[in-house]
Amino acid sequence: MNALRLRRAAVAVAAAAALPFSLAACSDSGSDTSAEAGSEATSAAPPAQENMPSTGTDAAADGPFGPGCASVPKDGAGSFDGMAKDPVATAASNNPALSTLVAAVKQAGLVDTLNNAKDITVFAPTNDAFAKIPKADLDKVLADKDMLTKILTYHVVGQKLTPKQLENGSFETLQKGTLTTEGSGEAYTVNDSSKVVCGNVPTANATVYIVDTVLMPK
């Protein structure tokens, strides 16, 4: 009888001694699982603001800018989307504000030259820009194909120019003269006098900067 009691007492003591180790093992296992889950959740979460679309001035710099852009048709072939699909001379012919320029380009026989050129920039004078020239002088220029060609090709640079490049630029033109640009943001001038009224307009083969004054070769 005494031996039986002693055996039961020993079993109870052993069980009591083993209990803390069991609890500790369970606790450690739970901590590892929780830590692993937390780690997985952290690695699965996407970085903050990653791949978010740009806003503000960065977004504006990617598209046309300037007060004159308001007069560009909202849709159709003369709109920004429409102009982007056509080569530059064709695109300009669909913009009502550039009708005088288009007539001059046709008069000089430069339609195919401009449409077939690769990656150019055109500084395109508006109708109002041509209206600043006295009519007698303008008629004289339009009647002289060589002079007209020199003036028109002076408005063309053989590379696509970004607004950033216009901040303090000097570029050779197709006429072999040089024009200069300066400015920042949405305010740029060409040759210190002609203002960009609608800039960074894409066409199929060119970037267009619409200006308010006809440029004369230097």
Side-chain angles (χ1 to χ4, degrees), residues 61 64-69 83 86-95 97-218:
F65 64 83
C69 293
M83 291 179 70
D86 291 322
V88 64
T90 302
S93 70
N94 293 318
N95 188 321
L98 301 177
S99 60
T100 304
L101 172 63
V102 171
V105 168
K106 290 179 179 178
Q107 183 74 13
L110 293 174
V111 172
D112 289 341
T113 299
L114 294 178
N115 277 348
N116 294 326
K118 303 295 183 183
D119 298 331
I120 59 176
T121 294
V122 177
F123 293 90
T126 62
N127 296 342
D128 290 341
F130 280 99
K132 293 180 181 180
I133 303 173
K135 187 177 184 304
D137 293 341
L138 181 58
D139 288 343
K140 182 179 179 180
V141 169
L142 292 175
D144 187 334
K145 186 174 180 179
D146 287 341
M147 184 184 297
L148 181 61
T149 299
K150 288 179 182 179
I151 292 173
L152 294 177
T153 53
Y154 182 69
H155 289 74
V156 184
V157 173
Q159 60 177 307
K160 284 188 176 181
L161 300 177
T162 65
K164 184 70 176 177
Q165 289 174 285
L166 300 189
E167 290 182 0
N168 185 20
S170 178
F171 309 100
E172 183 180 2
T173 70
L174 295 192
Q175 180 267 341
K176 301 303 181 183
T178 301
L179 59 77
T180 59
T181 59
E182 63 181 5
S184 62
E186 296 187 358
Y188 297 92
T189 58
V190 185
N191 289 352
D192 299 322
S193 59
S194 187
K195 294 181 180 179
V196 174
V197 295
C198 183
N200 206 30
V201 179
T203 72
N205 68 325
T207 299
V208 176
Y209 291 88
I210 300 175
V211 295
D212 69 355
T213 305
V214 177
L215 306 173
M216 291 300 176
K218 293 183 176 181

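Computed over heavy atoms, backbone and side chain alike; hydrogens, waters and symmetry mates excluded.
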(request) Return each pair, listed once, that meets disulfide bond (SG atoms under 2.5 Å apart) where at least one residue sits in residues 121-163; pairs must be two or more places apart or across chains. (result) none
(request) Not counting sequence neighbours, list each pair that qualifies as a ring-ring contact (aromatic ring centres under 6.0 Å, His included) and has a residue in residues 152-175. (result) none
(request) Measure across L148 and A104 and return the closest heavy-atom pair with its distance rounded to 0.1 Å. (result) CD2-O, 3.4 Å
(request) Would you check, one step at a time, whether the test side-chain contact (heavy atoms from CB on, under 4.5 Å) holds for D192 with E182? (result) CA-CA 8 Å; D192 299 322; E182 63 181 5; 3.5 Å; yes
(request) Search all heavy atoms of N115 against all heavy atoms of P87 and return the closest pair with its distance. (result) OD1-CB, 3.3 Å
(message) Under the rule for salt bridge (charged side-chain N to carboxylate O under 4.0 Å, His left out), what residues qualify as partners of E167, not counting sequence neighbours?
(response) K164
(message) Between N200 and F65, is there a side-chain heavy-atom distance shorter than 4.5 Å?
(response) yes
(request) Can you see which heavy atom on S170 is nearest to which on T180, and at what distance? (result) OG-CG2, 4.2 Å
(message) Using side-chain heavy atoms (C-beta onward) and a distance below 4.5 Å, is N95 in contact with I210?
(response) yes
(request) Measure from the side-chain N and O atoms of N205 to the backbone N and O of V88, and report whether any donor-acceptor pair falls under 3.5 Å. (result) yes
(message) Other residues, nucleotides and ligands only: do more than 12 of their heavy atoms fall within 6.0 Å of NZ on K140?
(response) no
(message) With disulfide bond (SG atoms under 2.5 Å apart) as the rule and sequence neighbours excluded, what pairs involving residues 105-182 come up?
(response) none
(message) Just so I know, are the side chains of K132 and T213 near enough to count as touching, which here means a heavy-atom distance under 4.5 Å?
(response) yes
(message) Within the structure provided, determine whether D86 and T203 are in side-chain contact (heavy-atom separation under 4.5 Å).
(response) no
(request) Find out whether V211 and V196 are in side-chain contact, i.e. whether some heavy atom of one side chain is under 4.5 Å from a heavy atom of the other. (result) yes
(request) Take Y209 and V190 through the side-chain contact (heavy atoms from CB on, under 4.5 Å) test and state the conclusion after the steps. (result) CA-CA 10 Å; Y209 291 88; V190 185; over 6 Å; no
(message) Applying disulfide bond (SG atoms under 2.5 Å apart) as the test, list every pair that has at least one member in residues 164-218; sequence neighbours left out.
(response) C69-C198
(request) Could you check D212 against S194 for side-chain contact (heavy atoms from CB on, under 4.5 Å), going step by step and ending with a plain yes or no? (result) CA-CA 6 Å; D212 69 355; S194 187; 3.7 Å; yes
(request) Decide yes or no for V105 and L101: does some side-chain heavy atom of the first lie under 4.5 Å from some side-chain heavy atom of the second? (result) yes
Donor-acceptor pairs under 3.5 angstrom involving side-chain atoms of residues 117-130: please list them, not counting sequence neighbours.
{"unit_1": "T121", "atom_1": "OG1", "unit_2": "Q159", "atom_2": "O", "d": "2.6"}
{"unit_1": "T121", "atom_1": "OG1", "unit_2": "L161", "atom_2": "N", "d": "2.8"}
{"unit_1": "T126", "atom_1": "OG1", "unit_2": "D128", "atom_2": "N", "d": "3.4"}
{"unit_1": "T126", "atom_1": "OG1", "unit_2": "A129", "atom_2": "N", "d": "3.1"}
{"unit_1": "N127", "atom_1": "OD1", "unit_2": "S99", "atom_2": "N", "d": "3.1"}
{"unit_1": "N127", "atom_1": "OD1", "unit_2": "S99", "atom_2": "OG", "d": "3.4"}
{"unit_1": "N127", "atom_1": "OD1", "unit_2": "T100", "atom_2": "N", "d": "2.9"}
{"unit_1": "N127", "atom_1": "OD1", "unit_2": "T100", "atom_2": "OG1", "d": "3.2"}
{"unit_1": "N127", "atom_1": "ND2", "unit_2": "P96", "atom_2": "O", "d": "3.0"}
{"unit_1": "N127", "atom_1": "ND2", "unit_2": "S99", "atom_2": "OG", "d": "3.1"}

